[in-house]
Each structure stands twice: as C-alpha cells, then as structure tokens.
Amino acid sequence: MKKTSLLLTIFCSAVVFAQHSDYSIQAVDFTKVKLTDNFWLPRIEINRTVTIPASFERCESTGRVKNFVMAGERKGKFCTHYPFDDTDIYKTIEGASFSLAVHPDAKLEKYLDSLIKIIGKAQEPDGYLYTARTIDPVNVGPWLGKERWEKEREMSHELYNAGHLYEAAAAHYLATKKRNLLNIALKNADLVCSVFGPDKKHVAPGHEIVEMGLVKLYRITGKKEYLTTAKFFIEERGHYNGYDKNSHDPWKNGAYWQDDKPVVEQDEAEGHAVRAGYLYSAIADVAALTGDDSLLHTIDKIWQNVVEKKMYVQGSVGSNGDGERFGNNYELPNATAYNETCAAIANVFWNERMFLLHGDSKYIDVLEKTLYNGLISGIGLDGKSFFYTNAMQIKNSFTHGDMEAQRSGWFDCSCCPTNLVRLIPSVPGYIYAQKDENIFINLFISCAAELNIHNNPVQILQQNNYPWDGHLVFTINPQRSEAFNIMIRIPGWAQNKAIPSTLYQFENPSNQQVNIKVNGQVIDYKIQNGYALINKTWKKNDVVEVDLPMEIRRVVANENLKDDIGKVALQRGPIIYCAEGIDNNTSTDNFIIPNNAIFTSEYKADMLNGITILKSDVPKVLIDNNQNISTVKQPFMAIPYYAWANRGKGEMMVWFPERVNAIDIISR
Ligand code: FUB
Ligand code: ZN
C-alpha cells in the first residue's frame, strides 16, 4: 500500500470511529434547513453578497493578506496593528464556507483556494503559522516574546490564531470536501499537541478559542489528541503562580484571563467577556465529549451567575469597557455599557451548547434574546457597517464615553465584523435539534427542513412572520407515518418570564395563554423543560398551529440593578425596543412611560427593512428658557433595539423613567 493511501485509510477509519459520545441532543445541520423567511434570509443574502466580499476586500486593503504574503516570503514588516489580525481572514473564510455549503459559487471557491495557497506558504515547515513572527522573527512587536509562545499567557494570541484557523478549516472542509485548508490546520494542530501537554509545555491560552477549534478537528478526524489537548488547555487555567491572586486588580490577579482559579472552582463569569464565552463554550464541548461532570457543574454555575446578575435586558454581556470584561454582579450601567458584539456571539455559542447538554428551553430563551437584539444590533442594515460596542443609551452630546454612537465599516481591531460574517450564515443551524425520536423546534423562522427519524425522512415546514407575528404554522411531512415527539419551545416571554432568572421581570403579568392546534383541533399539551410536547403518529400534511401572545410588555429590573431602578424597558415577542431621537422630535430625554401608558403596535413594511413599531402618547418634562418645568403629553415612538443607528447620528434610549423622580432631567 502506498504511504498516501495508508494515511487515507487511517484517516477514514478514524472518522468512522470518531464519536463514541457527544452531545446527546444534536443540532440539525444548517445545510438541512432552507430558509424562506423575511427576517433572516435577507440578512444571510446580504452577508453573502455584501458582507463577505466587503470583508475580503478589507482584509486585502488593510494589509491582512499582505502579512501572509510576506510571511510566505519570510521577509518584510508586519503591516497591520495586532498579531491576531490573521484571524479576520480565517473568520471570513469560515463565513464564506458556510455560505458555499448552501450556495455554490465557483468564483468564491476559487478565491478561497487562492487565499489558502497564500496561507499555506506562510506556514513554517513544522506547522507553525503566525504571520506576526514568521515575517521577521528577530524584530517582533511588543505583544510577542522572542520565542514562540513565550507570551501566549498574555497577549501574543498565537493559540487564538490557531483556534480560528481550525474553525475555518473545519467549515471549509465540511462545505467543500477539500482538504487544502484542513491539512494546514492539522499540521498546526499536530505541532500544538506536540508542544503542549501534561509532560510538555504548560500554558493557559491567553485568549481562548483554540479549545473549541481542537474539538472541531477532533470531530472531523477522530484524533483523540486534539480532544485531550483541548481538555488540557481548559484544565491549565488557575495553576499559574505568576499572578498576585489576592489582588483586587483583575489585570494582575489572573481574572481577566479566567486564570485566577482552576475552572472547576470558578462560579462567576469574570474577565474579558469574549474570552470567557469561548471558554465556557469549550467547556461544554469537552464535558459533552468526555462526560466530565465537574466541568458541567462549573458552566451550570457560571451560566446561572450571568443570567441572574450580568446580562443586559437586550441580551448583551460584558458591561465594562476597562478590559472589555464582565462587570461585578449587577454592574450593568447604561451610560457606559460596553457590550462587544463578539461577546454576544460567544454568548450564542455558549447557550446553544448548554441547550444541547441539558435540553432545557431556558438556554434558547437566552440565545434568542441575544440573537434578535444585542447581537444583530452589531451590524447595520446595509451589511457593511458595524458596532464593536453596543450602547444602551446615547445622550444629546452624541457621545457615549469611548463607545460608539455610529457604525463604522471596519476597525483596526476588526474582530466583530468578521465574527458576524461567520455567525449570520450559521443561523439556520440553531432552529432544530434532535434526540432520538424527539424533534426540538427552537427558533421560529419560516423554512423547510429535512430531518430523519429511524431512517424515515421527515420534512418540517415552518410558516410565520416572526418576530412580528405570533401565529406559527408547522407542517409535518414524514415519508412514512410514524410516532415521534414534536417539542415546540414555548418562549419564556410567552409565559410571563422576561428572562430565566430574577434579573428582569414583566411588570404586569399577562393571562394570555399559548394555544396550540393540531389539524385544526385545539389540544391540551404538556410542557416539558419549556417545550410543548406533542406526541402522535405523524402523517403527511399534519399541521400544528401555535399562537404566541404578542402583547407589549413592560420589563422592570431587579432592585439590585441600581441603574434601572424606577425605569421600564419595552418588549414585544422576543424584540426589545429603544427610542431614537429621529422618531421623537430629536430627543429621547425627559420622557416618562407611566404604568398606565397605552401602547399600540404597527407593522411598517417600508421602515428599516420592515419592523413593528410601538407608539403612545406619554408625558414629557419640558423646561423653558426661564427654567420653568412643565409636563406635557407628547407622541412617543419606539423601534426594535437592533435597528437603531441606521438613519444617522442621534439619541437612543432603552430604559425609560416610569415616574418623574427617575428622570435625569435634561435642559436644552
Ligand atoms: O483579542 C482578540 C479580540 O480583540 C478580542 O476577542 C476582542 O475583545 C478584541 O479585544
Ligand atoms: Zn469583537
């Protein structure tokens, strides 16, 4: 047998025996779910036609591609800002691969091949791939040590770059079946596994993601070392003696890197929010693949802490701009909210994994909250303007501390735009999941999905106008009639729960019920882990209809959340609202939204690509030139939070005073 075919045989047999255990619930792959809706499909199309090309164009024009070219030639000078700029190319390739998987495009595929060739040349013979060093290893920038991985624990991001390479390679291989990028990634992963381990070099990666990436390579190849190295990196955290662990300064005590305690002793979300979200996601993966309960308990505790004490009402996390990190418990200021878009993306990754571990809808409630609000607020409706931070309030000065009041096309540190490139096309993969004969319907997006139960192909069609309308229609089409369970998520917000914790609640309970019909007949259903469980022998063209109450809800915060005391936020369905100056006579200040305010909702097809707006007449405090104060009823209008800042600069507000004593009175 020739050496190459021997290798191929080993590789193929490894694939067959790769997964003894994994998540007991499996997400239905995005390639099996064809969207037909008006909310996500246009976003995915814009991602394909605008965001991906713009992102590659920016990778070229900013010098990110040139860095790889120079590394291939082993000469030149690293020409962008950060050593992790390589990852923008990897993330864009990942997003482009997701797109190719459902939308073949020979030109794009060829372009990816040309980039992969450049990446391959930048790889050193032993597999090391990191342009910031390879271009000129003698003259490296301040974030790099003289030796490979010397500053990995701090800021070099060598393993972070590797992690994004693995994620891109996995996506590219699965989409195209080509091994060109995968081989580069495997060569690098083999080097990483040969360098780091219990009897080798020890490090807790400075910016997590290599762990998730290794898991993806493990799933593809079955090579156990990738999984054990991912677990090793997770378990390395908290064992470094170089920090002052008693210091309250998170930069000095290791908390910024989630490295102050072993992960199994951590019970509070801490440090850099993107790093943390990727760590918790990786812990979930490794717990699922190894059955390690101590890891599972850790993320259960940390999840509870985040949802109970550290999440904004629109699903964003990472409130503190000093270190882009989680604040203390209940530290969720509106004026300086940081809320990096990447942290929202990490939160979606993590909550999906928590659901796959536990099968409870509360994780999808959080995922949906983040996805429909604090995550897509990060990208403009044009597909090529972005927020890095996601503000909760813009006052009349039009500044927001150091944060943004206006979207930008690109940033020196452009992690968020390229992270969105890969997140958006993967959304169809969050809709369905399956465990044996249980089909979970998690998100409500019109689509046609092809599932399979006991070798019986089952098609499910969804028709709805979500998130604007709560009428959901599901048509179940098994090839052969068969008994199985359809589990439809009944969102927490449709059951009087603003969030699965006490952090936020609806001010006024609703007594509207969620009605379900099967083939036109109202049914009694049982709720199991947040899902309406419908068990029957399904036959072709069975129709399930669900009516979710789409009342306008007033959200109030836990009394410990001092920044929101006396204030109210507005929610309809999964959508959190904000007011913008442009719809409110330029100013969102001084409005009062009293408990008895009567709101109406109206769908506006021609506004911001189609949104439902909320309207009311509410008191506004006015101050005249003589400083006399009066309260006058004025029209008030709110739009979905995600859609703000698409019509130029202006004020924005999410939390509104309920009474005059909760107003920060602004005089003009
Ligand atoms: O460090 C790499 C990326 O840059 C982080 O994930 C972002 O928060 C930004 O700091
Ligand atoms: Zn980012």
Side-chain angles (χ1 to χ4, degrees), residues 51 55 58-59 62 64 67 80-92 94-95 130-132 141-144 151-165 167-168 204-213 250-251 255-259 269-282 315-327 337-350 370 374-380 385-391 402-404 407-424:
T51 322
S55 191
R58 283 156 183 165
C59 284
T62 58
R64 282 160 169 80
N67 282 335
T80 59
H81 279 79
Y82 300 105
F84 53 80
D85 289 337
D86 293 358
T87 63
D88 291 323
I89 295 182
Y90 298 149
K91 281 185 277 179
T92 310
E94 186 180 349
Y130 180 71
T131 66
W143 288 27
L144 281 65
K151 289 202 180 171
E152 171 56 37
R153 190 178 295 279
E154 298 143 54
M155 295 304 263
S156 80
H157 290 74
E158 278 150 295
L159 291 172
Y160 172 78
N161 286 14
H164 275 301
L165 167 67
E167 298 242 314
H207 191 316
E208 299 89 331
I209 198 162
V210 68
E211 306 83 352
M212 284 160 86
W251 290 94
Y256 173 78
W257 288 273
Q258 300 80 39
D259 198 16
E270 63 179 21
H272 185 269
V274 186
R275 285 171 164 85
Y278 289 171
L279 170 65
Y280 308 148
S281 301
S316 286
V317 291
S319 64
N320 196 324
D322 174 20
E324 314 185 294
R325 62 192 163 82
F326 281 101
Y338 193 78
N339 292 342
E340 183 177 340
T341 301
C342 285
I345 292 173
N347 201 40
V348 163
F349 292 161
W350 180 30
T370 302
L375 190 156
I376 50 171
S377 54
I379 183 165
S385 59
F386 305 92
F387 275 136
Y388 186 111
T389 61
N390 290 275
D402 290 326
M403 281 120 230
E404 306 144 282
R407 295 168 203 279
S408 310
W410 194 250
F411 308 91
D412 285 342
C413 169
S414 230
C415 51
C416 301
T418 51
N419 228 350
L420 284 159
V421 166
R422 68 186 187 134
L423 187 282
I424 297 288

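The first residue of the sequence shown is numbered 1, and numbering continues consecutively from there. Read the numbers this way: they start at 1 and go in the same order the structure lists the ligands and their atoms.
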Output, in order, the C-alpha distance, side-chain angles, deciding distance and verdict of side-chain contact (heavy atoms from CB on, under 4.5 Å) for W410 and T418. CA-CA 9 Å; W410 194 250; T418 51; 3.8 Å; yes

Pair Q258-F326, side-chain contact (heavy atoms from CB on, under 4.5 Å): steps then yes or no: CA-CA 11 Å; Q258 300 80 39; F326 281 101; 6.0 Å; no

What's the verdict on side chain to side chain donor-acceptor pair (under 3.5 Å) for S55 and D88, showing C-alpha distance, side-chain angles and the deciding distance? CA-CA 8 Å; S55 191; D88 291 323; over 6 Å; no

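For the residue pair N347 / T370, a side-chain donor-acceptor distance below 3.5 Å is found, with atom types taken as modelled.
Take N339 and apply the side chain to side chain donor-acceptor pair (under 3.5 Å) test, not counting sequence neighbours, and it matches no residue. Residues satisfying the side chain to side chain donor-acceptor pair (under 3.5 Å) criterion with R153, sequence neighbours excluded, are D259.
At a threshold of 4.5 Å between non-hydrogen side-chain atoms, the residues Y256 and R275 count as touching. Side-chain contact check for N320 versus Y338: every heavy-atom pair is 4.5 Å or farther apart.
For Y90 and H164, the distance between ring centers is not under 6.0 angstrom.
The set of protein atoms (N, O or S) found at less than 2.8 Å from the Zn ion (ligand 2) reads E340 OE2, C342 SG, C415 SG, C416 SG, by chain and number.
Within 4.0 Å of ligand 1, contacts by protein heavy atoms are made from F84, H157, Y160, H207, H272, V274, E324, E340, Y388, C413, C415.
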